[in-house]
Amino acid sequence: MAREPADGDAFVFDLVGDDAPADADPGPGAPPPSDGPGRRRRFAAQTAAVLAIVLGTGVAVDGARDHARMERMRDVPGGVADLSSPLVEAWAWSGSVGPGESTTDVAVLGDVLAVESDDGLVALDPGSGAVAWTVPLREDADCGPMVPPTSPDPATSALVCLQGTGADREVVAVGPDGVLSASRPLDASDSRRYGLPHTGPDGTVLRARRVGPPSAVDLGDARCTPAGDCTGTVEAGRDLVLRAEDAATGTERWSVTVPFRAVDATQCTGTFGASWGRSETRLVINGLLTPDTFGGRVTAGLVELTGCGVQAAVTPRGRVLSTGAEPGRGGVTRLGGGYAATRFDGVPRATLYSADGARLGEVTGYPLAPQATDEAERATVLGVDEPGRRLRAYDGDGTPRWDVVLQSGGQQFLAQVGGTVVVSTGAGSVRGLDLGTGEERWVWDGSVPSSPADDGGYFGTASVVQAFTDGETVLLLTEGDTGGTHGLVALDADTGAVVWDRPGGAAVTTFDPAAGGLGEQGVVGGLVAVDGTLLEVTPRGVRALR
């Protein structure tokens, strides 16, 4: 601790070392002991920042502020500690990601990246690349919720793994430290009673099934030709019940019923949506219309149900969010720390909800949240109204802020950093707009050469795949129309100036992290920010870029 000095005296510090016994009692109200290298790194950085402030000059104060900003960005979804200089490979882990025919889905549990590999569920420490823990799994295991590495928020509080078949079907839950719940057998009678199991959010197993007699189905004037062209409306069908049970105990946490609503026949075919829990059990009528078909998409923050006559989104605590539109004319998405329920009939409009499902307000246009932000809380919401040629900004509760004319279609909300909103268009330009007014502050279209020897920019007709920020710089992962590897460009958020870039375009289709070569190869996989570090995920492994 610091002792106040007299005039002209120096500051005197009593520094407490980190050599206390591991079993020492921290005392009531004390935080839990450190459980990873990430937290030790944070302590060291915070100590350095304090010393810089009290011992150094203005330069040291600036350094301390940088340390504080970097540490803050570690806790912001999608935040990166430092993007001020070109990224280089810090470490590489070689191993299969998504073995077999699986996709390269990932999850962020606490401060580690979790992937399914040949050895089971593997967690990697972003600071060192060391395997933090491994959970052995059967070959047929299915763990979730996991998402593609390009998804905006892969963080989850727990993973649920289903494995085995028939009488050997079981579920285990995995927390951030790799600790498993006891394996719980899944009784076949529960599947008959509640529906087939599906991995769920917040340590749950989800089950869903249609309820009611087959006689409840009324096809109305729905008809399908042998070629598969369907017309008319399915007037009535069976409701859908969704149940969430605790993965470890099997105790029901909540259950909701989604009522059937009259729907266009095109949404009642065998090709619409995915099956639930790998089931092929469907009520099939005339070989094309399948009024019982339904599927789901489950992420850490939302359960989306779609199917014949049903469309609903349910929060991890069982709150049903509805657009009010008929099935197929609306949808619910995650938006920052909450949700947006959007209607697509006519001018797009959306209702904003908080994380607990409380209604916040309304916005006009298709709602977008930034892919990257320097705010921990809910940031600006943009409403894109392409038919009306308008781009509108709102506060997180739907309060209007500004309204400007669209420059072109295909808008993406890339980042909100400081006083700048960064958007891109289908025409291949990136613009910085004033956060308060919407006034254009800068434009970048790739015309700035990456070096004096270049004859032009490389961006051209490329599109932006992902965006990240360290609170000062916006990093864009770009994809050109000629294919090949992705490029990277870092822009100053205030001015739009190119801080650094690494063009992509190398003609490779796969990448082994052990081979290295970021500058020569570009980026092949998706990028995930974990505890302030960017990780590139490919089918052959993971590497850190710092």
Query raised in the report: Which heavy atom in Leu121 sits nearest to a heavy atom in Leu137, and how many Å separate them?
Result: N-CD1, 3.7 Å

Requested in this report: State, yes or no, whether a side-chain contact exists between Thr495 and Trp444 at a heavy-atom distance under 4.5 Å.
Outcome: no

Requested in this report: Run the salt-bridge test on Asp395 and Arg401 with the 4.0 Å N-O cut-off and return the result as yes or no.
Outcome: yes

**Report entry** Test side chain to side chain donor-acceptor pair (under 3.5 Å) applied to Glu386 - qualifying residues, sequence neighbours left out
**Finding:** none

Report, one line per pair, each donor and acceptor closer than 3.5 Å where one atom sits in a side chain of residues 329-337; sequence neighbours left out.
none

Requested in this report: State whether Asp356 and Arg317 are salt-bridged, where the test is any N-O pair (Lys NZ or Arg NE/NH1/NH2 against Asp/Glu carboxylate O) under 4.0 Å.
Outcome: no

Report task. Please name all residues satisfying side chain to side chain donor-acceptor pair (under 3.5 Å) with Thr351, sequence neighbours left out, ordered by chain then number. Result -> Glu362

Query raised in the report: Do Thr306 and Gln267 have side chains that get closer than 4.5 Å, going by heavy atoms?
Result: no

Query raised in the report: Are any non-hydrogen side-chain atoms of Ser463 and Glu479 less than 4.5 angstrom apart?
Result: yes

Query - With Glu304 via side chain to side chain contact (heavy atoms under 4.5 Å, CB included) - residues at least two apart - result: Arg297, Leu302

Query - Beyond-backbone contact of Val523 with Leu488, side-chain heavy atoms, under 4.5 angstrom - result: yes

Query raised in the report: Leu527 pairs by side-chain contact (heavy atoms from CB on, under 4.5 Å) with which of Val80, Val537, Val465, Leu545?
Result: Leu545

Query raised in the report: More than 12 non-hydrogen atoms from neighbouring residues, nucleotides or ligands closer than 6.0 Å to CZ on Arg138, yes or no?
Result: yes

Query raised in the report: Hey, are the side chains of Asp397 and Leu352 touching, using non-hydrogen atoms and a 4.5 Å cut-off?
Result: no

Report summary line: Contacts of Gln466 meeting side chain to side chain donor-acceptor pair (under 3.5 Å) (sequence neighbours excluded), chain-then-number -> none

Requested in this report: Indicate yes or no: at least one non-hydrogen side-chain atom of Thr199 is less than 4.5 angstrom from one of Cys143.
Outcome: no

Report task. Determine whether Arg502 and Pro86 make a side-chain contact, defined as any pair of heavy atoms from C-beta on separated by less than 4.5 Å. Result -> yes

Query - Backbone N/O of Ala90 and side chain of Arg546: donor-acceptor pair under 3.5 Å - result: no

Query raised in the report: Any donor-acceptor pair under 3.5 Å linking the side chain of Thr420 with the backbone of Ala493?
Result: yes

Report task. Could you pull out all residues at least two apart from Asp105 that satisfy side chain to side chain donor-acceptor pair (under 3.5 Å)? Result -> Thr103

Query - Flag side-chain contact, heavy atom, 4.5 Å: Val174 against Trp133 - result: yes

Query raised in the report: What distance do Ser424 atom OG and Asp445 atom CG have between them, rounded to the nearest 0.5 Å?
Result: 12.5 Å

